[in-house]
Amino acid sequence: GKVFCTGCGSTGRLSIQLASIWRDFWQQRASAGDAWAAKWEDRVFSVMAGGDFALIKAVEGFEDFTQFGRRQIHDLGVSAGDVVFAITEGGETSFVIGTAWEGLDSGAKVYFVYNNPDEVLCEKVIRSREVIQEPRIEKVNLTTGPMGITGSTRMQATSIQLAVLVTVLEMVIRDLMRELEPNGPCALDSAAVPAQFLAQLETLHATLKSAEVLTPLAQLTALEEAVYRAG
């Protein structure tokens, strides 16, 4: 089967990054002489609202229509046996929700990845409530709370999405390599990945909380506030 990572804006770029990481691994294996690597390289697809053009310039409107999401992932051939990771920081982006429904209707396994509390989304947004209450869709709630700097959805939300989805990606690759090359250097234990990644994330978090980092961040926040008030 194939894997589709879908998103809009920063989550769209995240979907492209995930697909790039996957392809880079298999390209390296092919360069090392693994003849079977080529067939795995093109198993992951990114679906960004507005397509490639949106990487260069904002494409207004695409994110607001579920039908656009349905059409883009449909045109890429999503079908039974595939997996869809529908990624939206707010949990309400129409385009991403459209990809989730199209994946489900096509027989794919769908994971809905988002960063807002279920109770808020279910109370305020009908389209989000429909997805969250659909038992056939697996929910991956990564609620992070308010952003450290006002208006930024590319810090806490996308960072934790990247950490979790790269963990999943690493686990899948390790499981595949254990089947393809049982005695090879990449045939590692996938069960150990979450603890390893969590330890690295905790180390990073502790570093970010240090005085050496917090002091200039506080200064930057104060500057932002001053500019906002002056405007």
Side-chain angles (χ1 to χ4, degrees), residues 5-22 24 46-64 85-97 111-125 128 132 139-171 193-231:
C5 299
T6 75
C8 175
S10 56
T11 56
R13 288 171 174 80
L14 172 59
S15 71
I16 292 171
Q17 184 176 9
L18 292 168
S20 176
I21 292 170
W22 173 271
D24 181 67
S46 60
V47 184
M48 180 173 182
D52 294 342
F53 184 76
L55 284 169
I56 303 170
K57 185 177 181 180
V59 180
E60 303 297 338
F62 267 79
E63 65 185 68
D64 299 324
F85 288 94
I87 314 168
T88 163
E89 291 141 344
E92 84 297 338
T93 306
S94 296
F95 177 93
V96 176
I97 288 174
Y111 294 86
F112 189 60
V113 186
Y114 56 108
N115 298 84
N116 268 323
D118 285 0
E119 58 270 20
V120 173
L121 290 171
C122 288
E123 178 186 355
K124 303 292 185 182
V125 189
S128 300
I132 291 170
K139 271 66 69 175
V140 182
N141 189 313
L142 302 173
T143 297
T144 50
M147 299 294 106
I149 295 180
T150 302
S152 175
T153 57
R154 285 173 290 278
M155 289 188 176
Q156 289 147 232
T158 312
S159 294
I160 196 64
Q161 288 177 343
L162 175 62
V164 170
L165 293 173
V166 166
T167 299
V168 172
L169 199 62
E170 175 71 16
M171 294 176 72
V193 174
Q196 293 171 351
F197 278 30
L198 178 59
Q200 294 175 11
L201 188 61
E202 288 175 340
T203 299
L204 174 62
H205 188 259
T207 302
L208 293 174
K209 290 180 66 177
S210 65
E212 292 81 3
V213 175
L214 283 179
T215 299
L217 180 59
Q219 294 172 345
L220 178 61
T221 304
L223 175 61
E224 184 185 55
E225 181 182 11
V227 171
Y228 174 78
R229 291 183 181 280

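Residues take their numbers from the sequence shown, with the count starting at 1.
The closest donor-acceptor contact from the side chain of N141 to the backbone of N115 lies at 3.5 Å or more, if one exists at all.
Residues that satisfy the side chain to side chain contact (heavy atoms under 4.5 Å, CB included) test with L198, not counting sequence neighbours, are E202. With sequence neighbours excluded, the residues forming a side chain to side chain contact (heavy atoms under 4.5 Å, CB included) with Q219 are T215, P216, listed by chain and number. Listed by chain and residue number, R174 satisfy the salt bridge (Lys or Arg N to Asp or Glu O under 4.0 Å) test with E170 (two or more places apart in sequence, or in another chain). Taking the side chain to side chain donor-acceptor pair (under 3.5 Å) definition, one finds that Q200 meets it with nothing, sequence neighbours left out. Every residue two or more places apart in sequence or in another chain that forms a side chain to side chain donor-acceptor pair (under 3.5 Å) with T88 is listed here: T93. For S20, there are no side chain to side chain donor-acceptor pair (under 3.5 Å) partners, not counting sequence neighbours. Partners of V140 by side chain to side chain contact (heavy atoms under 4.5 Å, CB included), not counting sequence neighbours, listed by chain and number: Y111, V113, L142. Every side chain to side chain contact (heavy atoms under 4.5 Å, CB included) that D24 has, sequence neighbours left out, goes to Q28. Considering only residues two or more places apart in sequence or on other chains, T203 meets the side chain to side chain donor-acceptor pair (under 3.5 Å) condition with none of them.
Residues T6 and S15 fail the side-chain proximity criterion, which asks for heavy atoms closer than 4.5 Å. Using a 4.5 Å cut-off on side-chain heavy atoms (C-beta onward), S46 and L18 make no contact. In this structure, the side chains of P194 and M171 come closer than 4.5 Å at one or more pairs of heavy atoms.
Remark: L165 CG to L14 CG distance equals 6.0 Å, nearest 0.5 Å. With rounding to the nearest 0.5 Å, the separation of CG in L169 from CD in Q17 is 10.5 Å. To the nearest 0.5 Å, the span separating NZ on K209 from CG on L217 amounts to 13.0 Å. In this structure, T158 OG1 and R13 CZ are separated by 10.5 Å, a value rounded to the nearest 0.5 Å. Atom CD1 of I87 and atom OH of Y114 lie 14.0 Å apart (nearest 0.5 Å). Considering CD1 of I132 and CG of N116, their distance stands at 9.0 Å, rounded to 0.5 Å.
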Worked check of side-chain contact (heavy atoms from CB on, under 4.5 Å) between V168 and F85: CA-CA 11 Å; V168 172; F85 288 94; 4.2 Å; yes

field: Pair S128-I97, side-chain contact (heavy atoms from CB on, under 4.5 Å): steps then yes or no
entry: CA-CA 8 Å; S128 300; I97 288 174; 4.3 Å; yes

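Side-chain contact of E89 with S10: a donor-acceptor pair under 3.5 Å is present, judged by distance alone.
In terms of heavy-atom proximity, T11 sits nearest to C8 at OG1-N, 2.8 Å.
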